[in-house]
Amino acid sequence: MDLSILFPKEKGIILVCGKGGVGKTTFSSLFSVYSRKNLKTLAVSIDPAHHLGDVLGYSLSHQIKEISNNLYAAEPDMERLIKEYIQGSIEILKYTYKELVAMNLDKYLDALKESPGIEEDTLLDYIWKLKKMDFEITVVDTPPTSITTRVLKLPWLQSMWVERLIDLRGKIMGYKETIESIKAGKKLKLDDPILNELIKMSQEIEDGKKFLNNKEKVKIVGVTVAEKLPYLELKRFRNSIMERNISLAAIVINRYVDDAKNREFLNEINSEFIGIPKIIIPFSSEDLIGIYKLENFIEKIRVIE
Amino acid sequence: MKTKQRLKYYFKSFKFFSSEYMKMNAVQSMENEYSQLLNVFLLLLFGNFIGLPSPPSSITLRILPLEINEMKYFYSKSARAGDALGDLFDAFNVEI
């Protein structure tokens, strides 16, 4: 058993999750360097505290660039992503609401960039963009679990809202149609762009939910070290995503040392996460920085059932 | 014969006016319900203007450009918030 257990059947996304500081970036880099031998790989960090470039030994930016044969990487700028995400809507709104200056909508629109939840929306939108890109495997170094959990649950929250809005809008249109038909004295069929847009949105959200539930296309890897707090957070993360039928594809135990404490920890992990492969990354006394060092270190990684 | 025709005409007129009256009443009550549902819909979407929880911005952002007419209506309604007389006139379709 080796790291290829995480290879998707066609193309897919690996989401590397875990508490801050457990080694998500290290694993993302190690795995990307490993997978590029077989698959066209993209490594991206959506953690606002970017370190992917530091570990890979390249200066990365918002734009995706090829850093080595078959390996591409990027560190998207969150502010730029948010701006891109809302820019289209802002332009339409600023144009159409010209006459409604009295509402001070311009100020509101500018404040949208800072509105609560926009970061999660933007991250989810970015994941959808990644899924459409031409890479056989995309390794995503995610922000700490609290943000990632909210991002992964977002399609279900969106779905709940959209279904309610469709229901309400359907009733509104039902009334409007009846009123207009009575007034016109004949049966009218009205077209509602809002209802159409909501239905379109609902279909997109359903596709997103199916994608996240597809274990062949999305593999979620939980990273921990042999310490109580990261372990408890990983358990909570697993329980939380399980509510949405999303499961962990593997657990990475980073900085593993073959001593009594680590062995006991490994036993606990094995009994808690039954049937999930464990990837054991041994402790490295030197900094794992640069593709060459990462590549040499890969052979020390063990994968157990 | 003349009386019969006249009666027939009266009944026909009565039937027409009563059905029109009932139709008008039904439409008016439906229009009220329609208006209330529209308020709820807009409140659900843009309630954060007044501190209500709102859907994820990914939904509101996509719907907002399509809501221009409803927003205008909502804005004019909010301009006369608390104006009971205005609402009453509105309910009876009285324009001043």
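Everything quoted here is computed from the prediction, not taken from an experiment. Letters go in sequence order (proteins before strands), and every chain restarts at 1. Side chains included, hydrogens not; waters and symmetry mates left out as well; all remaining heavy atoms used.
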### Message
I'd like to check A/Ile172 versus B/Glu33 (side-chain heavy atoms, cut-off strictly below 4.5 Å). Are they in contact?
### Response
no
### Message
Only heavy atoms, only distances under 4.5 angstrom. Which residues in residues 193-206 of chain A are near chain B?
### Response
A/Pro193, A/Ile194, A/Glu197, A/Leu198, A/Lys200, A/Met201, A/Glu204
#### Entry: Residue selection (most heavy-atom pairs with chain B, distance under 4.5 Å) from A/Asp125, A/Ile182, A/Val162, A/Leu165
A/Leu165
### Query
Taking atom CD of A/Glu120 and atom OG of B/Ser57, what is their separation to the nearest 0.5 Å?
9.0 Å
### Query
Considering residues, nucleotides and ligands other than A/Lys11, do more than 12 of their heavy atoms fall under 6.0 Å from its NZ?
yes
### Task
Would you mind reporting whether B/Leu44 and A/Arg164 have side-chain heavy atoms less than 4.5 Å apart?
no
### Task
Determine whether more than 12 heavy atoms belonging to other residues, nucleotides or ligands lie under 6.0 Å from atom CG of A/Asp134.
no
### Message
Counting neighbours of CD on A/Glu10 that are heavy atoms of other residues, nucleotides or ligands and sit closer than 6.0 Å, is the number greater than 12?
### Response
no
### Approximate separation, where rounding is to 0.5 Å, of A/Ile118 CD1 and B/Leu61 CG
5.5 Å
### Task
State, to 0.1 Å, how close B/Pro56 and A/Leu157 come at their nearest heavy-atom pair, and which atoms those are.
CG-CD2, 3.9 Å
### Query
Among A/Met173, A/Lys171, A/Lys176, whose side chain to side chain contact (heavy atoms under 4.5 Å, CB included) with B/Tyr34 holds?
A/Lys176
### Message
Taking CD in A/Glu163 as the centre, count heavy atoms belonging to other residues, nucleotides or ligands within less than 6.0 Å. Is the count above 12?
### Response
yes
### Message
Just checking A/Lys129: does its NZ atom have more than 12 heavy atoms from other residues, nucleotides or ligands closer to it than 6.0 angstrom?
### Response
yes
#### Entry: Rounded distance (nearest 0.5 Å) linking atom CE of B/Met30 with atom CD1 of A/Ile179
6.0 Å
### Message
In the structure I gave you, are the side-chain heavy atoms of B/Leu38 and A/Tyr175 within less than 4.5 Å of one another anywhere?
### Response
no
#### Entry: Region of B/Ser54 in contact with chain A, defined by heavy-atom distances below 4.5 Å
backbone
